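Reviewing the structure listed below.
The structure presented is a predicted model; accordingly, all values stated were derived computationally and were not measured. One-based numbering along the sequence shown.
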Amino acid sequence: MGCLFLVLVFVLQYPIIVLSSVLCSQDQSLALQQLKLKLTIDESSSSDCESNGHLPYPKTISWNKSTDCCTWDGVTCDRITGQITGLDLSCSQLHGTIDSNSTLFQLSHLLKLNLAYNDFSPSQISSKFGWFPSLAHLNLSHSGFSGKIPSEVSYLSKLISLDLSAGLEELRFGPHTFKLLLQNLTQLKELHLTSTYISSALPSNFSSSLEVLNLLSTELSGKVPDHIFHLRRLQILNLGSNLYLKGHLPKMQWNSSSSLKELDLSSSGFFGNVPDAIGHLSSLSFLDFSSCYFSGTIPQSIGNLTKLNNLRLFSNNFNGSLPSTISNLVQLVEFDISSNNFSGDIPNIFSNFTKLKSLSLADNLFTGLFPSSVTNLTKLESLILSNCSIAGPIPSIATGFPNLILLFLSDNLLTGEIPSWIFDLPSLKFLQMRANHLTGQLKEFGYNLLEVLDVGDNKLHGPIPRSFSKLVNLTTLDLSTNNLSGGLDIGMFSNCKQLRRLGLSFNNLSVFSSHKDMALPRSIGRLYASSCNIRELNFLQAATRIGQLDLSNNKIYGKIPDWAWSDWQSSLFYLNLSSNFLTAIDPLHDFENLVYLDLGSNLIQGEVPAPPPYMFIFIVSNNNFSGKLPSPLCKMSSLMILDLSNNSLTGVIPKCLVNMSRNLSVLDLHDNQFHGTLPKNFGKGSSLRSLNLRKNKLALEVLDLGENSLNDTFPKWLGTLPRLQILSLRSNRLHGPVTTSINQVLFSKLKILDLSYNDFTGNLTERFFRNLKAMTIVDPRGTPLTYIGEYLYHDSLTVAIKGQQLQLVRILSIFTTIDFSHNKFEGDIPKSIGNLGSLRGLNLSHNSLMGPIPQSFENLSVLESLDLSSNQLSGKIPQELATLKFLAVMNLSKNHLVGHIPRGQQFDTFENDSYLGNAGLCGFPLSRSCADSGMPQQPPSFEADEEEDDRGFMDWRAVVIGYGCGMVFGLFMGYVIFLTGRPKWFVRIVNEEGYRMVKKIEAKRRRLKRRR
C-alpha cells in the first residue's frame, strides 16, 4: 500500500517536473533571438552606466539558441507557463533601433522591462510599449530614446514603477499626455522623469500610492499644488532644477506621520519662509533647498530632523543667526549654507558632527573668530569658509584634519601666520587662502599631494621656498599680490609637470632662469607675472601651450623674441605686455585665437598693427604709433573694446566704425590728431557705452564731445544709445536749445550729464528731465560700491569739483550728476528735476534762469552738491531743502531770493558765501536779522586761537575732499590717492586750499557743538 502511494505521488508530480525542465516557448525564444540580431554591442556606450554605479556587460552574449531562453542573462520566466515575464537588458552596451516592428513586442506577458543605459538612438518610444497589459515595471531611462512620448504609455494601468529619465537626447511629453499618465496610473509607486521635457504645470491628481516622485529638470512651470505635500506615502520628492516652477512650503500641513525621507526643491522658484512645520518631517535624511528664493530665518524646529545626512540651503536669502538646535543634527555628512545673509558670529555648534565630511559657510555676513568647534571634525574632507569676514588667527590644531582634501578660507580678515599644521595635512589637495591679512613666510611643504595652492592677495613676505619644486602634482599656484621678495629662479618649477596656472604678479620678486634648460613645464597654460622685474623670456621656451600670459609692468626691452612669437600663435588668447619698454611689434595676423591684447604704455613706433579678425579687446594706448588706422580694423565685427588713445594717429575716423559700433562697447581715441567728422548714423543700432574723443582736431557736424573746438547743436540722437550712462560735452561751442523727442524716451540710462561751458540757449523742458529714468532710482544704502565699466576696462572722466578739474580714474555707479552751468538757459527750473531721486550733484549756475526754487527738490534725498548761483531766481528758499541731510555744498549766491533762510541739519553749516548777492535774504548766518527790532543777528563766535596741529595733514586728504564735496566725491579722492600715493595735482590742491578747508570745517564743527 505504501509503495502504491509513492507511485501515485510520482505520477501526479511528473507533469510538473516535465514542464519545469522545458519552460521557454519556441516562439518567445525566437523573438529574443531576432531582437539580438537587430542590435549590436558597443562598449563605448557604458560610461553613463559606470557613472551611476552599475557594472556594464553585454548580457546578450549568453543568448544561445541551443539552450533554454529562461537561462539567458536578463531573462525571467514564469515557472508554470513558461512565458517570459521579465527582461532586464540594462547596462548591456546595446546599440541599434527599436521600432514598432521589433520582436520585443511579441513578449506580451512581460511584468518587468528594463532597457536602461543603452543606446537605441535615434529610436522613438513606440506606441506598442502600451501593449503590455500586465506590465508593472518599465525602465527606459538613459537609453537613447528621443522624441514625443506616446499617449499609449498611459494604458499601462498596472504600472508600479516607471522611469523615462532622459539622457542627451530630448524626450518630451505632449500637452496632455503627462496629465493623462497621472490620471490612469493609479497604482504607481515610483515615477522617475529626470530631464524629460514636460513644460507644463503640475496637476493635482497624483496617485495616493506614490512613494517616489522624481521630476528633476523637466521644465515644469506654474505653481506647485499643495496636494503634492499631502501624499502620505511619499518618501522621495524631487522637483529640483525647474526654474519656472513656483511655490511655497505649507505652514501647517506636515505632521509627524509623514514618510518623506528626501526633499529636493533646488534651483526652482520656491520662495517665502521655511515654516516651523518642517520639524515634523522626522524621517527626513536629505534636504536640498539650494538656489531658490527662500528668505527669513531658519526655524528652531529644524533641530528635530535628527536623521538628516545632507542639508543644503546655499544660494538663498536666509538671514539672522543659525539656530542653536542645529547641533542636534549629529548624523550630518554634508552641511552647506553658503551664499546667504546669515550674520553674527559663527556659532560653535559643530562639536557633535562627528560624521561630517563637507562643511560650507561661505559668502555670508558672519563675523568674529574662526569657529573653534570646527577643529574637532576629524572626518572632514571639505571645509569652505570663504568670504565670511572671519577675523583673527587660524587656531592651531594638534591633530589637524587627517582626511581633509579641500580647504577654502579666502576673502576673510584672517591674520597671523599660516599655521604649521596646514603644511602637514596628509590628504590636502586644494588650499585657497587668498585675500586675507596673513603674514609671515611660506613654510616648507612636507607632502606632494597638493594640486591647488592659492594664497594670493595677502601680506606674506620672504622668499618662495625651494620645497615648492617637490609639489609635482601642482596644477595651480597663485602667490600674487603679496610682499614676497628675492630672486626667483623660475626653473624650480620645471619638475611640476602638471602645472597649468602660475600667479606671481605684484610682489617684490625678480624672476629669472639660471639655466636655459630649466624652464617652465610644457603644461603651463596661464602665467601671471606682472611687476616681476622680468628682462628676458627664455624661461618660456617650453611653454608652447600657453593661453593666458600677463607680463605687464616689467623691464622687457626691444621686441618679443621671434621664437616666442612663433610658438604662441596657435594657443595664445590673452596677452598683456603693457607698461614695458617694447619698441617694435611683429605682425599679429597669425594669432588665430587671440581675443585680448594690451600693448599699452610702451615705446612702440610705426603704424598700428592689424589685429586678428576675431579679437574682442585691443589696447595700444600710450605709445608712439602714427599714421592712419589699419584697414583690416574694419573687418573686426567682434571687437568690443578699442583703445588707441594717446598716440599720434592721424586721418579721419573711418566710416567702417558705423558697422563695428554694433558690437563695440568702448571706443577711446582721445589725445590723437584725428580730424574730420564722425558718420551721422554712427549711433544707429550701436552697443557703445563709452566713447572718448577728447583732445583731437575733430570738427563734428552731428556729434560734439568734450574739450574740442566743436560748433554744432545738441546731438539728441545720442539719446537712442540703449546703454549710454555718461555724456560729457563740456567746454565746446555748442549752441541752440537742448531738445528732446515727443515720441521717444531718450537718455533713459544716463547717470552723468555735463553740458557746461557751452552756448546752449532756451528753456529747460519738463519732458527732458522726465526721460532720465536711471536718475530716478535711489541706490540702497549699504550696497557694495561698484564702478561703471567692465571687468577688464574701467572708464575715466574729468569733472569739476570746487573749481578744480580732476580726472577720476574710476567712476562709481552711484555717482549721478547734472552740470548745465555756464550756458544761456532761460525760464523756470523744471519741477521734474525733483523726480531724479538718485541725483548727487546739480549745477545750474551761471545761466539766466528765473522764478522760484522748486519745492520738489525736497525729493532729492541723496543730493550732496547744489549750485544755483548767478541766475535770476526769485522768491523764498523752500523750507523743504532743510531736510536734505546729505547736502554738503550749496551755493545760491547772486540771485533775487528773499525771506528767512531755513534752519536745521545741513543748512546750519553753510556760511555767508552761500547767500551773497541776495539783498532780500535774512537770518543766520547773515548779519541781517529778520526780527522787527532791526538788531543785527551775529553768527555765533568761536575761539580763533583754537588751532589744530597741522602735522600729518596729508592723512586728511581723502577726508577733506569727502567732507567738503560729499560722500561720492570723497570716495573718488580716496581711490585716486590709493592708486597714486601723493599725486602732484592733489598735493598742489592741498597746498593751496586744503589747509584753509580743514580750518573752515573745524570751525563749523565747534560752532555747531556750542549751539547744541
Side-chain angles (χ1 to χ4, degrees), residues 224 226 228-230 234-240 247-268 270-366 371 373-374 376-377 380 384-385 388:
V224 176
D226 287 344
I228 202 169
F229 296 107
H230 301 167
L234 194 63
Q235 298 180 27
I236 298 176
L237 174 60
N238 191 339
L239 302 177
H248 61 273
L249 298 176
K251 294 182 178 180
M252 303 298 295
Q253 305 299 338
W254 283 318
N255 52 54
S256 56
S257 64
S258 173
S259 302
L260 207 59
K261 295 180 179 179
E262 297 183 17
L263 177 58
D264 189 345
L265 306 177
S266 61
S267 299
S268 68
F270 270 79
F271 61 93
N273 295 341
V274 175
D276 288 334
I278 193 77
H280 294 155
L281 303 179
S282 56
S283 299
L284 211 60
S285 62
F286 182 95
L287 178 60
D288 192 346
F289 290 168
S290 62
S291 300
C292 290
Y293 300 92
F294 288 111
S295 57
T297 58
I298 303 298
Q300 292 281 345
S301 62
I302 200 169
N304 299 334
L305 309 182
T306 55
K307 294 182 180 180
L308 265 185
N309 301 129
N310 301 80
L311 178 57
R312 301 173 182 172
L313 304 178
F314 62 85
S315 297
N316 279 283
N317 296 310
F318 291 119
N319 55 47
S321 56
L322 292 178
S324 58
T325 55
I326 287 183
S327 60
N328 299 336
L329 309 181
V330 296
Q331 301 297 324
L332 277 181
V333 175
E334 178 185 4
F335 182 48
D336 192 341
I337 60 168
S338 59
S339 299
N340 279 285
N341 296 309
F342 291 113
S343 58
D345 291 354
I346 297 178
N348 281 309
I349 57 176
F350 306 106
S351 298
N352 298 328
F353 291 5
T354 56
K355 298 182 179 181
L356 200 64
K357 293 183 178 181
S358 176
L359 173 62
S360 179
L361 310 178
D363 299 299
N364 278 287
L365 304 176
F366 290 123
S373 62
V374 171
N376 298 323
L377 307 179
L380 209 60
I384 306 177
L385 302 179
C388 284

Considering all heavy atoms, the nearest Leu284-Leu305 contact: CD2-CD1, 4.2 Å

Qualifying residue for side chain to side chain contact (heavy atoms under 4.5 Å, CB included) with Asn316, from Asn340, Asn341, Ile337, Val274: Asn340

Heavy-atom pair with the smallest gap, counting every atom of Ser283 and Lys307: CA-CD, 4.2 Å

Flag, side chain of Asn364 to backbone of Phe342, donor-acceptor distance under 3.5 Å: yes

Side-chain heavy atoms of Ser282 within contact of Asn304, under 4.5 Å: no

Asp288: partners by side chain to side chain contact (heavy atoms under 4.5 Å, CB included), with sequence neighbours left out: Asp264, Ser266, Phe286, Ser290, Arg312

Rounded distance (nearest 0.5 Å) linking atom CG of Asn273 with atom OG1 of Thr297: 7.0 Å

Validation row: Ser295, Phe318 side chains within 4.5 angstrom (heavy atoms): no

Pro347 to Ser373 - nearest heavy-atom pair and separation: O-OG, 4.3 Å

Leu313 side chain reached by Phe294 side chain, heavy atoms, under 4.5 Å: no

Euclidean distance, Ser267 OG relative to Phe289 CZ, rounded to 0.5 Å: 13.0 Å

Sub-4.5 Å side-chain heavy-atom contact between Ile326 and Ile302: yes

Donor-acceptor pair, side chain of Asn238 and main chain of Gly240, under 3.5 angstrom: yes

Contact check, side chains of Leu281 and Leu287, non-hydrogen atoms, under 4.5 Å: no

Pair Phe353-Leu359, side-chain contact (heavy atoms from CB on, under 4.5 Å): steps then yes or no: CA-CA 10 Å; Phe353 291 5; Leu359 173 62; over 6 Å; no

Member of Leu237, Leu234, Leu239 meeting the side chain to side chain contact (heavy atoms under 4.5 Å, CB included) criterion with Leu263: Leu237

Exercise: identify the closest heavy-atom pair between Phe229 and Pro250: CD1-CD, 3.8 Å

Interatomic distance, Glu262 atom CD to Asn309 atom CG [nearest 0.5 angstrom]: 9.5 Å

Evaluation steps, side-chain contact (heavy atoms from CB on, under 4.5 Å), between Leu380 and Leu356: CA-CA 6 Å; Leu380 209 60; Leu356 200 64; 4.1 Å; yes

Over all atoms of both residues, closest heavy-atom pair of Ala362 and Cys388: CA-SG, 3.8 Å

Parallel, tilted or perpendicular: ring planes of Phe350 versus Phe335, cut at 30 and 60 degrees: tilted

Closest non-hydrogen atom pair between Ser301 and Asp276, with its separation: OG-O, 2.7 Å

Stepwise side-chain contact (heavy atoms from CB on, under 4.5 Å) test for Val374 and Ile346: CA-CA 10 Å; Val374 171; Ile346 297 178; 5.9 Å; no

Side-chain heavy atoms of Ser338 within contact of Ile384, under 4.5 Å: no

Ser285 (side chain) donor-acceptor with Lys261 (main chain) under 3.5 angstrom: yes

